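Let me begin by presenting the structure, written as structure tokens, before commenting on it.
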Amino acid sequence: YLMIKGLQHIIICTQVEGIFCDSLLAYSRNNDKCRSWNWRGELADNWCLVIATVGTCGALPIMDELDGDDLAKAKRVVAQCLIDSRRALSLFAPMGAYEEGPNYWRLAMRYYVFSMRALENSVGNCFGYDDVPGLKLTGEYVLAINGSKGIFNYHDGNVPNELYAPEMFWLADRFNNYEDAVARINRMKVTWADSSDFAPTDILYYDTKFSSADTTGASLDAYLPISEVASMRSGWNSKDTYVGFHCDDPISGEGHDHMDAGTFVLDTMGEKFFFDLGSDNYNIPNYLQCYRVRAEGHNTVIFNPDSNYAFKYGGTASIIKHSFKENEAYAIGDMTNVYTADKGVKSFLRGVKLDNNRTRVTVQDKFVLSKPAEMYWFAHTEAEIAVSEDKKSAVLTKNGKKLLATIVSGDGAEFSVMDAKPLPASPVIKEQNPNDGVRKLTIHIENCKSNEICVTFVAYNDSASSMQYLPLEQW
């Protein structure tokens with residue numbers, strides 16, 4: 001008993017003197033220790049929720065063992081951590097879509113739920129930190145960005161498979177959205193032995209009442225404002241078609257944004273045909289200019305490539321229209337302001353559609369240029385690509401599954417294939433990921449004028465349904 005009490009005393013002293021004192025110095029912002037605890041300053045991001053656990057999980061459990069100055073320090077740490085976490089909680093507003101992307105939703109949610117559980121267990125109250133705009137809907141965001149064969153890895157995403165985290169159980173219980181828990185349960189059934197996916201918190205957060213959830217009415221489509229993501233699917237099985245579309249602002253400062261406005265992903269026939277590469281190693285030099293961050297590293301359109309980003313630093317983009325019906329769905333994004341003035345882009349709209357009884361995907365770009373420009377259209381894939389003789393169609397083959405891509409309209413548009421490597425004018429960063437095994441289905445027009453390029457994707461055995469062109473304004 002004495003040994004245990006002695007060890008407990010050592011741990012408490014270490015926490016008070018080593019952790020609490022350092023964090024208080026950091027929060028003072030007026031000394032050389034203002035580093036890890038508050039290293040992002042006033043920025044609203046996941047780090048606010050990570051550091052909040054210093055107070056909620058570090059200080060709260062030992063409060064009853066403290067008194068005097070030590071107790072005052074612990075109270076200050078708890079208060080400051082909770083205050084700073086408010087900035088990050090704003091990122092769930094208004095509809096639950098976490099602005100930093102799926103990878104950092106996972107990180108933020110993991111630590112946020114730690115804090116909420118600590119508050120519940122220590123004082124029996126979350127003090128309203130579980131009642132913030134959008135949080136009740138964030139489970140729908142997770143469902144929307146999970147495709148048939150993996151996550152939609154926009155921004156600095158690096159999740160290799162589906163993202164159905166243990167925290168889905170906590171959300172399901174807190175907001176009585178039991179259907180949010182079903183996806184995690186299904187994920188556990190196929191990966192229960194995979195230590196990289198299993199978490200002990202599954203045991204802590206699970207409740208048998210989740211088995212009563214009814215998921216038959218789950219929506220196939222979603223539009224998520226602020227994050228500017230639209231997702232459309234034919235169903236919820238691994239062989240169903242899923243298309244994700246992301247059209248938000250390019251990089252404008254600190255954070256995890258990419259130059260990825262207009263990017264799309266496509267899962268179908270049990271394969272991930274077009275995907276987002278996600279993040280690279282943060283420690284490489286000039287990270288924001290690496291291939292995976294630049295526009296050329298995404299499934300989008302660029303003009304007159306040079307050593308700059310290809311998109312405008314601080315530009316804007318958004319989804320301006322969407323329609324979700326029983327047999328078809330689409331979203332249209334306005335990308336006009338992602339291009340710098342020298343590109344000569346007067347207007348640019350990209351539409352992504354799932355129609356023909358949800359078997360055909362269309363990606364359509366309508367743009368007006370003030371002067372001719374060199375244009376590239378990219379779609380990243382690990383599939384083998386065979387371009388037709390007339391270069392108006394291509395067959396993508398992956399694990400025996402075949403997808404037919406067809407250029408339905410577009411003056412001068414022809415398919416070609418490129419490796420997922422930087423263009424000649426791009427910065428040379430030797431340490432970046434070489435993207436081995438990844439190639440790009442490409443449309444390259446050297447002297448491009450105003451145009452409307454329509455590309456459709458269907459299963460190869462359904463080629464008769466691939467030819468359909470409707471001007472974007474008639475969608």
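Heavy-atom basis, side chains included; hydrogens, waters and symmetry copies ignored. Predicted model, so just to flag it, every value in this text is computed and none were measured.
- Closest of all the heavy-atom pairs between Pro102 and Ile151 is CB-CG1, 3.8 Å.
- One N or O on the side chain of Asp249 and one on the backbone of Ala317 form a donor-acceptor pair closer than 3.5 Å.
- Between the Thr138 side chain and the Gly96 main chain, a donor and an acceptor come within less than 3.5 Å of each other.
- Note that Lys440 lies in the cation-pi zone of Phe378, set by a 6.0 Å cut-off to the ring centre and a 45° limit from the axis.
- His256 and Asp156 share a donor-acceptor pair across their side chains, judged by distance under 3.5 Å alone.
- Distance check: Ile319 CD1 to Phe245 CZ gives 5.5 Å after rounding to the nearest 0.5 Å.
- Aromatic ring orientation, Phe175 versus Trp170: perpendicular (interplanar angle above 60°, classes split at 30° and 60°).
- Between Ile51 and Tyr111, every side-chain heavy-atom pair lies at or beyond the 4.5 Å cut-off.
- By the 4.5 Å heavy-atom criterion applied to side chains, Phe348 and Val301 are counted as neighbours.
- Side-chain contact annotation: Arg184 with Tyr205, donor-acceptor N/O pair under 3.5 Å absent.
- Atom OH of Tyr291 sits about 11.5 Å away from atom CG of Asp280, to the nearest 0.5 Å.
- In this structure, the side chain of Arg350 engages the main chain of Gly262 through a donor-acceptor pair within 3.5 Å.
- If you take OG1 on Thr263 and CG on Asp276, they are separated by 4.5 Å, rounding to the nearest 0.5 Å.
- Note: Thr381 OG1 to Lys272 NZ = 10.5 Å, rounded to the nearest 0.5 Å.
- A distance-only check finds a donor-acceptor pair linking the side chain of Tyr242 to the backbone of Ala144 [under 3.5 Å].
- Pairing each heavy atom of Lys149 with each of Ser238, the nearest pair is CD-O, 3.6 Å.
- The existence of a salt bridge linking Lys209 and Asp173 is confirmed by a sub-4.0 Å separation between a basic side-chain nitrogen and an acidic carboxylate oxygen.
- Annotation: side chain of Tyr287 is not in contact with side chain of Gln432 (no heavy-atom distance under 4.5 Å).
- Under 3.5 Å, the side chains of Asn357 and Thr359 contain no donor-acceptor pair of N or O atoms.
- Side-chain contact check for Glu167 and Tyr112: no donor-acceptor pair (N or O, by modelled atom type) lies under 3.5 Å.
- The residue from Thr56, Leu107, Leu89 that alone fulfils the side-chain contact (heavy atoms from CB on, under 4.5 Å) condition with Leu49 is Leu89.
- Side-chain atoms of Arg439 come within 3.5 Å of backbone atoms of Glu382 as a donor-acceptor pair (strictly under, hydrogens ignored).
- No hydrogens or angles considered: a donor-acceptor pair under 3.5 Å links the side chains of Asn399 and Glu271.
- Under 3.5 Å, the side chains of Asn337 and Lys312 contain a donor-acceptor pair of N or O atoms.
- Counting only distance, with no hydrogens or angles, the side chain of Arg358 and the backbone of Glu326 share a donor-acceptor pair below 3.5 Å.
- Across Met232 and Phe324, no two heavy atoms sit closer than the pair CG-CE2, 4.1 Å.
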Start with the C-alpha gap between Thr336 and Phe367, add the side-chain angles, then the distance that decides, and say whether side-chain contact (heavy atoms from CB on, under 4.5 Å) holds.
CA-CA 8 Å; Thr336 304; Phe367 50 88; over 6 Å; no

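- Checked against the 6.0 Å centroid threshold, Tyr98 and Tyr104 do not count as a close aromatic pair.
- For the residue pair Asn281 and Glu431, no side-chain donor N or O sits within less than 3.5 Å of a side-chain acceptor on the partner.
- Remark: side-chain polar atoms of Asp240 are paired, donor with acceptor, to backbone N or O of Asn237 under 3.5 angstrom.
- Between Asn299 atom CG and His246 atom NE2 the span is 12.0 Å, to the nearest 0.5 Å.
- Cation-pi check for Lys353 over Trp475 is met; the charged atom lies under 6.0 angstrom from the ring centroid and within 45 degrees of its normal.
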For the pair Asp365 and Trp377, evaluate side-chain contact (heavy atoms from CB on, under 4.5 Å) and give the outcome as yes or no after the intermediate values.
CA-CA 10 Å; Asp365 299 302; Trp377 178 107; 3.4 Å; yes

side-chain contact (heavy atoms from CB on, under 4.5 Å) evaluation trace for Ile429 with Gln289:
CA-CA 8 Å; Ile429 304 176; Gln289 282 280 23; 4.2 Å; yes

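- In this structure, Leu163 CG and Met168 CE are separated by 8.5 Å, a value rounded to the nearest 0.5 Å.
- Summarising the geometry of Ile302 relative to Tyr339, their closest heavy-atom pair is CA-CE2, 4.3 Å, with the distance given to 0.1 Å.
- Proximity of a side-chain donor or acceptor of Asp267 to a complementary backbone N or O of Ser148 within less than 3.5 Å is detected.
- For NZ of Lys239, the number of neighbouring non-hydrogen atoms (other residues, nucleotides, ligands) closer than 6.0 Å is 12 at most.
- Checked by atom type and distance alone, the side chain of Thr442 never pairs as donor or acceptor with a backbone atom of His444 at under 3.5 Å.
- There is a side-chain donor-acceptor pair under 3.5 Å between Ser426 and Glu296.
- Looking at every heavy atom in both residues, Ala394 comes nearest to Ile385 through CB-CG2, 4.1 Å.
- Here the side chains of Leu403 and Phe274 are in contact, with some heavy-atom distance below 4.5 Å.
- At least one donor-acceptor pair closer than 3.5 Å links the side chain of Ser388 to the backbone N or O of Ser393.
- Looking at Tyr141 and Asn146, their side chains never bring a donor and an acceptor atom within 3.5 Å of each other.
- A side-chain N or O of Tyr469 and one of Glu452 form a donor-acceptor pair less than 3.5 Å apart.
- Between Asn46 and Glu100, the closest side-chain pair of non-hydrogen atoms falls below 4.5 Å.
- Salt-bridge check for Arg187 with Asp202: failed, with every basic side-chain N at 4.0 Å or more from each acidic carboxylate O.
- Here the side chains of Val352 and Tyr330 are not in contact, with every heavy-atom distance at 4.5 Å or above.
- For Lys136, the NZ atom sits in a loose shell: 12 or fewer heavy atoms of surrounding residues, nucleotides or ligands are nearer than 6.0 Å.
- By the 4.5 Å heavy-atom criterion applied to side chains, Leu82 and Tyr129 are counted as neighbours.
- Here the two rings, on Tyr154 and Phe152, have centers that are under 6.0 Å apart.
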